[in-house]
Amino acid sequence: MVASMRSHPRRAPARTGRPRSAEADAAILGATRAALVELGWSRLTLGDVATRAGVAKTTVYRRWSGKSELVVDAVAELFDELELPDRGSLAADIEGVVLQFAALLERPEARTALMAVVAESTTDVPLRERIRVSIVDRQKRLVLEGRARARARGELPVETDPVTAARAADLIFDMIAGAVVHRALVSCEPVDRHWVGRFTAVLLGGLGAAES
């Protein structure tokens, strides 16, 4: 009876945790890009990023487990700025997004961060996977949107096989991203309107269009 009269301790309410702050995230990612430009990959630390962003170190560590994840997300945020303009035709749409991409790569924080994560990923398999998921797969949306828009205009045939369509989208993305990154960051040649026009002609018309 005594046991039955004992009061049971109240269970503490479950903690839901402090909600993430979009402002803090933006400050941290911006500070990461600034630190990369100034310090480079090897000297960048999460502690320095926290100081630059004006947040506690624990705020950074709660969101990102390490430098690789943080830098990839900092790059991905920049790439998310890309949009596919509706310029009335598939060729004009491609030219528009390629010029946007080239302009993005001209920004020191974009080119430095991208080159840093790509270089580091050569010996870091998990980092390569994060780049693929957070940047490459996410930006394929531009190809999918462009092809859907072109089909609606009647410029491309309707695709009935999803596997074939996905493979085509992968190839188109690789061709555009690879050519622009190589031109801008490896060859260090201008990605101007003349080059973009010729590149688009080759992409849509084949190698014969390169002579025009």
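If you're wondering where the values come from, they're calculated on a predicted model, not measured in any experiment.
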So if you build clusters from Ile, Leu, Val, Met, Phe, Trp, Tyr with side-chain heavy-atom gaps below 4.5 Å, do Leu70 and Leu39 land together? no

State, yes or no, whether a side-chain contact exists between Asp73 and Ser134 at a heavy-atom distance under 4.5 Å. yes

On a heavy-atom basis, the closest approach of Val118 and Ser121 is O-OG, 2.7 Å

Measuring from atom CD of Glu81 to atom CG of Leu104, what distance do you get when rounded to the nearest 0.5 angstrom? 6.5 Å

Do you know which two heavy atoms are closest between Leu204 and Ile94, and how far apart they sit? CD2-CD1, 3.9 Å

Pairs in or reaching into residues 164-182: which pass salt bridge (charged side-chain N to carboxylate O under 4.0 Å, His left out), with residues at least two apart or in two chains? Lys140-Asp170

Passes side-chain contact (heavy atoms from CB on, under 4.5 Å), Arg193 versus Val196? Steps please. CA-CA 5 Å; Arg193 292 185 180 276; Val196 171; 5.6 Å; no

Could you tabulate the donor-acceptor pairs under 3.5 Å formed by side-chain atoms of residues 27-37, not counting sequence neighbours?
residue : atom : partner : partner atom : Å
Thr32   : OG1  : Ile28   : O            : 2.8
Arg33   : NH1  : Ala74   : O            : 2.9
Arg33   : NH1  : Glu77   : OE1          : 2.9
Arg33   : NH2  : Glu77   : OE1          : 3.1

Pro85 versus Val97, closest heavy-atom pair with distance: CD-N, 4.0 Å

Quick one, Lys67 and Thr45 - any side-chain contact, counting heavy atoms below 4.5 Å? no

Test of understanding: clusters of I, L, V, M, F, W, Y form through side-chain heavy atoms closer than 4.5 Å, transitively. Do Leu144 and Val133 belong to the same one? no

Main-chain N/O of Pro190 paired to Arg183 side chain as donor or acceptor, under 3.5 Å: yes

Are the side chain of Ser65 and the backbone of Tyr61 linked by a donor-acceptor contact shorter than 3.5 Å? no

Student check: side-chain heavy atoms of Lys57 and Leu46 closer than 4.5 Å: no

Do Arg151 and Pro157 touch side chain to side chain, with heavy atoms closer than 4.5 Å? no

Return each pair, listed once, that meets salt bridge (charged side-chain N to carboxylate O under 4.0 Å, His left out) where at least one residue sits in residues 108-126; pairs must be two or more places apart or across chains. Arg107-Glu109

Same cluster or not: Val98 versus Leu82, using hydrophobic residues (I, L, V, M, F, W, Y) connected whenever any side-chain heavy atoms lie under 4.5 Å apart? yes

Same cluster for Leu171 and Leu156 if Ile/Leu/Val/Met/Phe/Trp/Tyr side chains link at under 4.5 Å? yes

Do Arg62 and Thr59 have side chains that get closer than 4.5 Å, going by heavy atoms? yes

State yes or no: do Leu142 and Ile172 share one hydrophobic cluster built from I, L, V, M, F, W and Y residues joined by side-chain heavy-atom distances below 4.5 Å, directly or via other members? yes

In this structure, CZ of Arg87 is separated from CD of Glu95 (nearest 0.5 Å) by 6.5 Å

Is the shortest heavy-atom distance from the side chain of Ser89 to the side chain of Glu155 under 4.5 Å? yes

Just wondering, do Phe199 and Ile176 contact through their side chains at under 4.5 Å, heavy atoms? yes

Working to the nearest 0.5 Å, report the span between CG of Leu185 and CG of Leu114. 6.0 Å

Full working for side-chain contact (heavy atoms from CB on, under 4.5 Å) between Phe101 and Val191: CA-CA 9 Å; Phe101 186 24; Val191 184; over 6 Å; no

Could you check whether any side-chain N or O of Thr112 sits under 3.5 Å from a backbone N or O of Pro108, counting only pairs where one atom can act as donor and the other as acceptor? yes

Side-chain touch Arg153/Asp86, heavy atoms, less than 4.5 angstrom: yes

His182 and Ser187: CA distance, side-chain angles, deciding distance, side-chain contact (heavy atoms from CB on, under 4.5 Å) verdict: CA-CA 6 Å; His182 187 278; Ser187 298; 3.0 Å; yes

Closer than 4.0 angstrom, basic N to acidic O: yes or no for Glu145 and Arg149? yes

Return the CZ to CD distance between Arg43 and Glu38, rounded to the nearest 0.5 Å. 7.5 Å

Least distance between heavy atoms, Trp41 atom then Leu127 atom: CH2-CD2, 4.5 Å

List the steps, then state whether side-chain contact (heavy atoms from CB on, under 4.5 Å) holds for Trp64 with Asp25. CA-CA 10 Å; Trp64 291 276; Asp25 284 357; 4.1 Å; yes

So which heavy atom on Asp93 is nearest to which on Leu84, and how close? O-CD1, 3.8 Å

